Amino acid sequence: MALVPFEIVREPAAMRARAEDLRRDGRRLAVVPTMGALHDGHLSLLRAARARADVVILTIFVNPTQFGPSEDLSRYPRDEAGDLAAARGCGLDLAFCPEAEDMYPPGSQTFVEVRALSQPMCGEKRPGHFTGVATVVSKLFHLTRPHVAFFGQKDFQQLRVLQTMARERFPRVTVVGCPIVREPDGLAMSSRNAYLTSDEHDDALALSRGLRAAQELWQNGERDPERLRGEVREVVASVPRVTLEYVSAADPLTLVELGAPAQRAVVSLAARVGKARLIDNVLLGMDVKDLS
Ligand code: PAF
């Protein structure tokens, strides 16, 4: 039984006022920030939020500042009505769906940069991307006043950037990472999978296959990071229509590339398949719920 009636809020000031009221009433607030186009991965975040809070807030905002000039901002999939119906089925209480002009009034100049963690991996290929992410999530935390926030492991670098931003700027917000949700065939769920034709979907399975191969090596005792990277590269290279952007085997806390055997690692990759840029990763020697 919901503690509060469902509502959609669009104005930032109204969101902040509502969150303050809920806090004054002693409610524990959870936020699940998204750009919409919800899939089962997002729904798993909402269910995790439902289990840990009195009021579950979903934010839907396609954040312009995290897209580069040649990226897919204008064609990013949007389906607010479908998203809200699916989210309400997972116990959503409040949706915050602001407009870009209200989140970034003309002339906005203030951005949040999480320096070292934003540089490697996707940061090299998407300059400014993580500053856009950290900036909007900092605004969303300010407006929704959460006790706890949920993000997926699929965007591992984003998770580490946001955990670090929260620790330094919002020390009372707990940022929880939730495991990757995969299609039955292994493809990590992503809103960008909507860009794939069915042949491209089959090609994209090389990504999870490569990561699984690295995970098997690890389970058999392999700790050499270059062997782990090499294994992923080899599996992905066997599908010529997949263009690998990078393969990384890094320390899961600092994202510094491993130069020697280690007791934990995150092996990640980004690749282009057709019109989609896809990312995926596997965490070795530790669990995502142990990161904070
Ligand atoms: O992961 C996403 O959907 C976005 O990067 C986020 C965290 C909602 C910020 O816009």
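Counting starts at 1 for both ligands and their atoms, in listed order. Keep in mind that what you see is a predicted model, and the values were worked out from it rather than measured.
Looking at atom 10 (O) of ligand 1, its nearest protein heavy atom turns out to be Gln66 OE1, 2.6 Å.
At a heavy-atom distance under 4.0 Å, only backbone atoms of Thr34 (N, CA, C or O) approach ligand 1.
A 6.0 Å sphere centred on CZ of Arg78 holds more than 12 heavy atoms belonging to other residues, nucleotides or ligands.
The closest side-chain heavy-atom distance from Asp93 to Arg50 is below 4.5 Å.
In terms of polar-atom proximity, defined here as any N/O pair under 3.5 Å, Gln158 does make such a contact with ligand 1.
Those atoms of ligand 1 that come under 4.0 Å of a heavy atom in Val136, given as number and element, are 9 (C), 10 (O).
By the 6.0 Å and 45° rule, Arg160 does not stack over the aromatic ring of Phe130.
Residues that satisfy the ring pair (Phe, Tyr, Trp, His ring centres under 6.0 Å) test with His39, not counting sequence neighbours, are His42.
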